[in-house]
Amino acid sequence: KAGVTQTPRYLIKTRGQQVTLSCSPISGHRSVSWYQQTPGQGLQFLFEYFSETQRNKGNFPGRFSGRQFSNSRSEMNVSTLELGDSALYLCASSIQGAPDNEQFFGPGTRLTVL
Amino acid sequence: GENVEQHPSTLSVQEGDSAVIKCTYSDSASNYFPWYKQELGKGPQLIIDIRSNVGEKKDQRIAVTLNKTAKHFSLHITETQPEDSAVYFCAAAIQGAQKLVFGQGTRLTINP
């Protein structure tokens, strides 16, 4: 069974630009959660989508948004990039949904903002 | 509260010895506690989890214990091997906010 895949794996952008990251969950998983990982703040929850609906949202500004498609694939968008948005962005899929069920992480997208 | 504190931040043990990582959580309603292992360049990998109605769970060399009264849980790795070297994260499901909150991580190094 294929795992969670994320594209692209690496991305370099400049301040003010916007970026879209993609996540394909494990087949049959309807929940996709997004996390930001930085050395200073660790792993922080961004939001969760389940059956195309945003179920939960973390404490991030409105520049961070996402969506989920009918095939459960999810995209995350960050607008007006800031230097502090440089991070590893991880998505995780789950059959029954976060936070109290097994989540399986993808390899992440490393975003660098210059 | 939504805090999960993890200790130690770094841990170095001799191959074959045991390693213990401890976490405390603040939300008394938390009911799910997973542990993840993250190797360089990879995403976190779930290695074991425990629910609040269980006090201990074991899977081969890995075990997790939960003390709900004290609000802390621990990861125990026995007979450590070089491939156990990685960063380990604990997490707790925060029911009110409906999210998983992670500890800051423990960098475990197994010395041959």
Side-chain angles (χ1 to χ4, degrees), chain A residues 2-10 21 23-26 29 31-50 53-60 64 66 87-111, chain B residues 1-10 21 23 25-54 57 59 64 66 68 73 86-107:
Chain A
V4 178
T5 58
Q6 292 187 245
T7 57
R9 292 293 310 278
Y10 302 91
L21 313 181
C23 172
S24 292
I26 293 171
H29 288 197
S31 164
V32 173
S33 296
W34 288 89
Y35 295 85
Q36 181 195 66
Q37 186 176 26
T38 60
Q41 299 298 316
L43 273 155
Q44 293 189 290
F45 171 74
L46 280 156
F47 32 66
E48 181 201 5
Y49 285 86
F50 189 94
T53 301
Q54 185 181 90
R55 284 216 299 201
N56 302 299
K57 193 177 190 312
N59 299 324
F60 279 82
F64 292 82
L88 181 67
Y89 289 90
L90 295 156
C91 77
S93 76
S94 171
I95 292 178
Q96 295 174 293
D100 48 7
N101 292 290
E102 290 181 335
Q103 293 185 60
F104 299 89
F105 282 84
T109 294
R110 171 76 61 186
L111 172 65
Chain B
E2 299 183 358
N3 292 332
V4 175
E5 294 193 4
Q6 183 172 345
H7 298 281
S9 56
T10 60
I21 302 170
C23 290
Y25 60 98
S26 55
D27 181 11
S28 57
S30 294
N31 64 349
Y32 176 66
F33 307 89
W35 283 89
Y36 287 89
K37 173 185 181 182
Q38 188 172 26
E39 295 173 299
L40 200 60
K42 297 184 179 180
Q45 175 194 2
L46 179 69
I47 55 172
I48 197 167
D49 56 11
I50 192 168
R51 297 194 180 274
S52 57
N53 59 347
V54 175
K57 184 176 179 181
D59 183 5
V64 57
L66 172 65
K68 283 174 54 181
F73 56 114
V87 179
Y88 291 80
F89 293 95
C90 63
I94 306 298
Q95 293 307 303
Q98 282 292 296
K99 65 181 183 182
L100 208 54
V101 174
F102 286 82
Q104 286 298 308
T106 296
R107 182 171 300 280

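Keep in mind the model is a prediction, meaning the values are calculated, not measured. Letters A, B, ... are given to chains in the order of the sequence lines, protein chains preceding strands, and every chain is numbered from 1.
Proximity to chain B involves both the backbone and the side chain of A:Asp100, based on heavy atoms less than 4.5 angstrom apart. Within the 4.5 angstrom heavy-atom criterion, no atom of B:Phe33 approaches chain A. Only the side chain of B:Gln38 comes within less than 4.5 Å of a heavy atom of chain A; its backbone N, CA, C and O stay farther away. Contacts between A:Leu90 and chain B at a heavy-atom distance below 4.5 Å involve the side chain alone, from C-beta outward. In this structure, chain B has no heavy atom under 4.5 Å from any part of A:Gln44. For A:Gln103, the parts lying under 4.5 angstrom from a heavy atom of chain B are both the backbone and the side chain. Contact annotation for A:Arg9: only side-chain heavy atoms (C-beta onward) come within less than 4.5 Å of a heavy atom of chain B. Only the backbone of B:Lys42 comes within less than 4.5 Å of a heavy atom of chain A; no side-chain atom from C-beta onward does. Proximity to chain A involves both the backbone and the side chain of B:Pro44, based on heavy atoms less than 4.5 angstrom apart. For A:Phe47, no part lies near chain B; criterion is any non-hydrogen pair under 4.5 Å. For B:Gln104, the part sitting under 4.5 Å from any heavy atom of chain A is the side chain, from C-beta outward, and nothing else.
In terms of non-hydrogen atom pairs under 4.5 Å with chain B, the most contact-rich of A:Glu48, A:Gln37, A:Gln6 is A:Gln37.
Residue B:Lys68 places its NZ atom among 12 or fewer non-hydrogen atoms of other residues, nucleotides or ligands, all under 6.0 Å distant. No more than 12 heavy-atom neighbours from other residues, nucleotides or ligands sit within 6.0 angstrom of CZ on B:Arg107.
Between A:Tyr35 and B:Leu100, some side-chain heavy-atom pair lies under the 4.5 Å cut-off.
Contact detail for A:Phe45 and B:Lys99: the closest heavy-atom pair is CD2-CB, 3.6 Å.
From A:Glu102, atom CD reaches atom OH of B:Tyr32 across 5.0 Å, with rounding to the nearest 0.5 Å.
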